[in-house]
Amino acid sequence: MSDDWTADNHVTIAAWRAAVSDESGRAFADLVHEDVILEGSALADPITGRDAVRSAIRESSRLYDRLEFTHETRSSDRTYFEWEGAALGQQVWGVTALSFDTDGRVARVVLSHRPLAVVDRFAAALANRLAQR
């Protein structure tokens, strides 16, 4: 994207995927504020803190059989990814919304899954995984 209003927003699908999949955690730390908040349709409560959020996102990603990002929209202080896939043997769709602090780091992540039947199963499976950590 070459629009001036997105020039400072460098968080693309590729950057996000690389940060989440980096085993060392350094790429995630470079991209995300240490007090980041994760909220989502599959979470009972927000998760706070870079390490806890990274762990929750990585555990969440292990529940997918397939995940494809389909659209990306960026502005100066937000990035939105639409995605589709399969999790726990069912089709799932959603949006990831990232908002940034004044330093350009991700301060809030909101994960919205649909349909509700998948959200319920996904929430239970994710809660189980996070409780085991």
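Side chains included, hydrogens not; waters and symmetry mates left out as well; all remaining heavy atoms used.
Atom CZ of Arg26 has 12 or fewer neighbouring heavy atoms from other residues, nucleotides or ligands inside a 6.0 Å radius.
The distance from the CD atom of Glu72 to the CD atom of Glu82 is 11.0 Å, given to the nearest 0.5 Å. Going from atom OG of Ser60 over to atom CG of Leu38 covers 8.5 Å, rounded to the nearest 0.5 Å. The distance from the CG atom of Leu116 to the OG atom of Ser41 is 9.0 Å, given to the nearest 0.5 Å. The CZ atom of Phe122 lies 11.5 Å from the CD atom of Gln90; values are rounded to the nearest 0.5 Å. The distance from the CZ atom of Arg58 to the CZ atom of Arg129 is 12.0 Å, given to the nearest 0.5 Å. Atom CD of Glu68 and atom CZ of Phe81 lie 15.5 Å apart (nearest 0.5 Å).
When hydrophobic clusters are built by joining Ile, Leu, Val, Met, Phe, Trp and Tyr residues whose side-chain heavy atoms come closer than 4.5 Å, directly or via intermediates, Val119 is not grouped with Leu126. Under a hydrophobic-cluster definition in which Ile, Leu, Val, Met, Phe, Trp and Tyr are linked whenever side-chain heavy atoms come within less than 4.5 Å, directly or via other members, Val95 and Val118 are assigned to different clusters. A continuous path of hydrophobic side-chain contacts links Leu88 to Ile57 [ILVMFWY only; heavy atoms under 4.5 Å]. No continuous path of ILVMFWY side-chain contacts below 4.5 Å connects Ile37 to Phe100, so the two sit in separate hydrophobic clusters.
A donor atom on one side chain and an acceptor atom on the other are not found under 3.5 Å apart for Thr70 and Trp83. Using a 3.5 Å distance cut-off with no hydrogens or angles, the side chains of Asn9 and Thr79 do pair a donor with an acceptor.
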Quiz: residues 108-115 side-chain donor-acceptor pairs under 3.5 angstrom, not counting sequence neighbours:
unit_1, atom_1, unit_2, atom_2, d
Arg108, NH1, Glu39, OE1, 2.7
His113, NE2, Tyr64, OH, 2.7

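In terms of heavy atoms, Asp65 sits closest to Gly89 at OD2-N, 3.1 Å.
Considering only heavy atoms from C-beta on, Tyr80 stays 4.5 Å or farther from Ser75 through its side chain. Between Arg74 and Val11 there is no side-chain heavy-atom pair separated by less than 4.5 Å.
No donor-acceptor distance shorter than 3.5 angstrom exists from the side chain of Asp103 to the backbone of Arg105, with no hydrogens or angles considered. Arg50 contributes a side-chain N or O that, together with a main-chain N or O of Val32, makes up a donor-acceptor pair within less than 3.5 Å.
Electrostatic pairing of Glu59 and Arg54 does not count as a salt bridge here, judged by no charged N lying under 4.0 Å from a carboxylate O.
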